[in-house]
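Just so we're on the same page: letters track the sequence lines, and every chain starts at 1. Since we're looking at a predicted model, the values are computed, not measured.
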Amino acid sequence: MSDAKTEKKLPHPAPPASALTQPMWDAARQGKLLLQYDRKAGKYQFFPRPLAIYSGSDEVEWREASGRGKLYAWTLVHVPLRGLEDVAPYVSAAVELDEGVRLMARIVDCDPKTLKPGMRVRVAWDKVGDGSQVMYVFRPE
Amino acid sequence: MNKANYLRDREVAIIAYAEQKNERKSNKTPYEQCAAVMVKLLRQTGLKPADIDGFATMMPTAEAGNTFYSNMLCEALGLQPRWLQLSDLGGCAPSGNVARAAAAILTGQCEVAMCLAADATGTTGVGHRHIGGARTEFMEPAGFQGPPVAFGILSHAYDQKYGLNLRALGTLAVAQRNGAVANDNAIEQFRKKITVEDYLNSRMIAEPARLLDCVMRCDGGNGLIVTSTERAKKMGVPHYVHPIAYSEITNFGPDDATPDITETGFSVVGPEVFEKAGMSPKDIRMFHPYDDFLIAMMLQLEQIGFCKRGEGGKFLLETDLSPTGRLPINTGGGQISAGQPGLAGGGVNLTEAIRQLFGEAGSRQVPKATNALVTGIGVIPYLRNWGSSSCMILEKGK
């Protein structure tokens with residue numbers, strides 16, 4: 001590990017899009033959260049998969065999510081991922097969306113001590129990487 | 001499902017084990033660690049490289065990106081296997097390889113299989129690896145800096161549901177550290193006793209996961225030789241151990257998008273391995289659970305069936321876990337106190353179980369060590385507990 005003083009500050013880590021996930025990240029830049037929907041099973045899935053995990057079919061489509069949900073469980077991260085030093089300690093949480101899927105996301109604009117299981121949260125967007133990309137975060141409603 | 005037990009008749013035997021001392025930074029590659037283990041195994045058994053016709057190994061972090069690792073390892077070691085297995089089951093790989101080697105032997109694919117595991121994460125670091133997939137795209141941008149984040153969230157879910165008994169986890173930390181003090185192969189900096197207070201006061205990594213909840217990666221290697229019991233008898237080896245039942249599961253509960261993340265694959269493979277062996281938890285002489293985090297062991301105790309869900313803490317406080325106690329646990333320190341040689345870490349628990357069953361554990365020897373339960377855990381998935389869970393019951397043969 002290099003000396004902390006000489007270590008270059010990295011930007012917040014950006015999600016590397018693939019051909020599969022590009023539509024989701026394109027929509028994210030418009031402030032829209034997309035989820036995959038398994039038309040056969042009538043259920044949402046997250047993270048994006050190359051097929052419908054419930055039915056094993058290829059009948060998967062993107063649908064815009066409400067961006068609203070509740071806290072399931074979380075951790076206060078004291079030893080940050082590189083790039084997130086400026087926000088440490090930060091909360092990484094399992095957020096359960098109203099669509100019935102969970103997302104791992106940072107919870108922002110809150111005092112971690114005030115978080116409660118089941119607390120309502122809403123999506124927000126953090127500029128990441130070179131600033132042209134965004135990553136979903138959540139804040140208490 | 002999966003109830004057939006091909007290991008039931010004790011036709012397969014582990015005839016030798018070997019382990020390198022865990023070191024923070026060895027400056028050795030996995031190839032060199034494997035070679036050192038192999039030299040010890042050949043010396044112990046009198047076997048020659050040409051006698052090894054089956055070979056199994058695992059994917060080390062230090063070799064991430066090498067898509068020809070197992071083949072190149074054979075070339076480096078001078079082996080010409082007729083059965084070759086590379087397992088990327090993370091911590092399930094070492095015992096999983098024993099199960100696979102046993103199946104290969106019983107189906108006539110090979111006769112003498114060497115299973116080696118080595119990694120050098122202390123030397124290479126882990127920053128160079130590229131796992132890709134959901135880990136890089138959906139976990140790291142959400143703040144995932146490694147397993148402590150997953151176990152922090154998991155511990156919080158457990159705390160909400162059952163209440164997290166920190167003193168019980170501290171008791172487990174102390175018991176394992178006592179094992180490391182007695183274990184020459186443990187990483188040297190961990191061969192110093194700790195107290196429950198040391199555990200409670202250790203700094204937070206990903207709340208509620210503290211420093212002393214977590215395993216520390218290092219360099220090391222381990223391995224063993226599996227053959228038919230018939231051949232073991234012919235060779236006249238001083239000791240052997242039978243794997244008598246094995247169960248494994250990967251990607252537990254894939255169709256539940258909002259699961260109780262405290263539920264693990266052990267809820268399936270734990271009861272199943274006992275059914276296969278015709279045993280119950282009370283028949284287990286000692287327990288060598290995969291231990292990347294203290295809470296992982298508590299969840300295993302509950303879900304394999306040593307106690308009820310939510311009562312792991314009580315069980316830990318009421319049970320003597322030392323080598324002379326009712327249920328000795330990870331008598332050599334486990335990985336948390338002996339060090340985790342990267343993805344070869346599952347071999348730390350496995351070799352200690354065999355060492356005990358051979359009666360070679362010295363000052364930490366478990367009296368009447370007749371059998372052992374060894375487990376494996378592999379891979380952190382996306383918000384769903386862990387990826388692979390495995391259970392193997394070993395029985396003393398000779």
Asks: Can you find a pair of side-chain heavy atoms, one from A:Leu103 and one from A:Tyr136, that are under 4.5 Å apart?
Replies: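 Result yes, sub-4.5 Å side-chain heavy-atom pair found.
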
Asks: Could you pull out every donor-acceptor pair under 3.5 Å between side chains of residues 86-94 of chain A and any protein atom, sequence neighbours left out?
Replies:
residue, atom, partner, partner atom, Å
A:Asp86, OD1, A:His12, NE2, 3.0
A:Asp86, OD2, A:His12, NE2, 3.2
A:Tyr90, OH, A:Leu81, N, 3.2
A:Tyr90, OH, B:Gly143, O, 2.7
A:Ser92, OG, B:Ala142, O, 2.7

Asks: Go through the atoms of A:Tyr72 and report whether side chain, backbone, both or neither lie under 4.5 Å from a heavy atom of chain B.
Replies: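 For A:Tyr72, backbone and side chain are both near chain B.
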
Asks: Just to verify, which of B:Leu169, B:Leu172, B:Thr375 counts as forming a side-chain contact (heavy atoms from CB on, under 4.5 Å) with B:Met297?
Replies: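 That would be B:Leu172.
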
Asks: Does either side chain, that of A:Asp130 or that of A:Ser132, offer a donor lying less than 3.5 Å from an acceptor on the other one?
Replies: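 There is such a pair between these side chains.
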
Asks: Would A:Arg120 and A:Asp98 pass as an ion pair if we require N to O under 4.0 Å?
Replies: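 A salt bridge is present here (some side-chain N lies under 4.0 Å from a carboxylate O).
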
Asks: For B:Arg309, does the CZ atom have more than 12 heavy-atom neighbours from other residues, nucleotides or ligands under 6.0 Å away?
Replies: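 Yes, CZ of B:Arg309 has more than 12 neighbouring heavy atoms, counting only those of other groups under 6.0 Å.
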
Asks: Using heavy-atom distances under 4.5 Å, tell me whether A:Val101 contacts chain B through its side chain, its backbone, both, or neither.
Replies: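 For A:Val101, backbone and side chain are both near chain B.
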
Asks: Quick one: of A:Gly129, A:Pro48, A:Pro112, who has the most non-hydrogen atom pairs under 4.5 Å with chain B?
Replies: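 Max contact count across the listed options: A:Pro48.
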
Asks: Non-hydrogen atoms of chain A under 4.5 Å away: do they reach the side chain of B:Phe151, the backbone, both or neither?
Replies: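 Neither part.
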
Asks: Mind listing the closest non-hydrogen atom pair of B:Glu302 and B:Gly310 along with its distance?
Replies: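 Where B:Glu302 meets B:Gly310 most closely, the heavy atoms are OE1-N, 3.0 Å.
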
Asks: Given that the side chain runs from C-beta out, which part of B:Ile261 has a heavy atom under 4.5 Å from chain A: side chain, backbone, both or neither?
Replies: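 Both parts, backbone and side chain.
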
Asks: Are there residues of residues 16-26 of chain A whose heavy atoms fall under 4.5 Å of chain B's heavy atoms? If so, which?
Replies: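 Answer by number: A:Pro16, A:Ala17, A:Ser18, A:Thr21, A:Met24, A:Trp25.
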
Asks: With a 4.5 angstrom heavy-atom cut-off, is it the side chain or the backbone of A:Leu84 that approaches chain B, or both, or neither?
Replies: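 For A:Leu84, side-chain heavy atoms alone lie under 4.5 Å from chain B.
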
Asks: Determine whether the side chains of B:Thr264 and B:Gln303 contain a donor N or O and an acceptor N or O closer than 3.5 Å.
Replies: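 Side chains of B:Thr264 and B:Gln303: pair found under 3.5 Å.
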
Asks: Less than 4.5 Å apart, any side-chain heavy atom of B:Gln145 and any of B:Ile205?
Replies: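 Result yes, sub-4.5 Å side-chain heavy-atom pair found.
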
Asks: Mind checking side chain to side chain contact (heavy atoms under 4.5 Å, CB included) for B:Ser202 and listing every partner two or more places apart, or none if nothing turns up?
Replies: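 Only B:Arg210, B:Leu211, B:Leu212 meet the side chain to side chain contact (heavy atoms under 4.5 Å, CB included) criterion with B:Ser202.
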
Asks: Evaluate the side-chain proximity of B:Leu200 to B:Arg167: yes if any heavy-atom separation is below 4.5 Å, no if none is.
Replies: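 Yes; the side chains approach each other to less than 4.5 Å.
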
Asks: Sort B:Asp260 into side chain, backbone, both or neither according to what part of it lies under 4.5 angstrom from a heavy atom of chain A.
Replies: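 Both backbone and side chain of B:Asp260 come within 4.5 Å of chain A.
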
Asks: In residues 157-165 of chain B, which residues are in contact with chain A at a heavy-atom separation under 4.5 Å?
Replies: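 Residues B:Ala157, B:Gln160 are the ones that qualify, each having a heavy atom under 4.5 Å from chain A.
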
Asks: Is it the side chain or the backbone of A:Gln45 that comes within 4.5 Å of chain B heavy atoms, both, or neither?
Replies: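 Neither part; nothing is under 4.5 Å.
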
Asks: Using a cut-off of under 4.5 Å for heavy-atom pairs, which of B:Ala257, B:Ala134, B:Pro141 has the most such pairs with chain A?
Replies: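 Heavy-atom pairs under 4.5 Å are most numerous for B:Pro141.
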
Asks: Go through the atoms of A:Met104 and report whether side chain, backbone, both or neither lie under 4.5 Å from a heavy atom of chain B.
Replies: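 For A:Met104, the contact with chain B is made by backbone and side chain together.
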
Asks: Treating B:Asp119 as the side-chain partner and B:Ala344 as the backbone partner, does any N or O pair qualify as donor plus acceptor under 3.5 Å?
Replies: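 Between the backbone of B:Ala344 and the side chain of B:Asp119 there is no qualifying donor-acceptor contact (under 3.5 Å).
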
Asks: For residues B:Glu248 and B:Ser388, is any side-chain donor paired with an opposing acceptor at under 3.5 Å?
Replies: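 No, because no side-chain N or O of B:Glu248 sits under 3.5 Å from a partner of the opposite role on B:Ser388.
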
Asks: Check whether more than 12 heavy atoms from other residues, nucleotides or ligands sit under 6.0 Å from atom CZ of A:Arg139, and answer yes or no.
Replies: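 12 or below, so no.
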
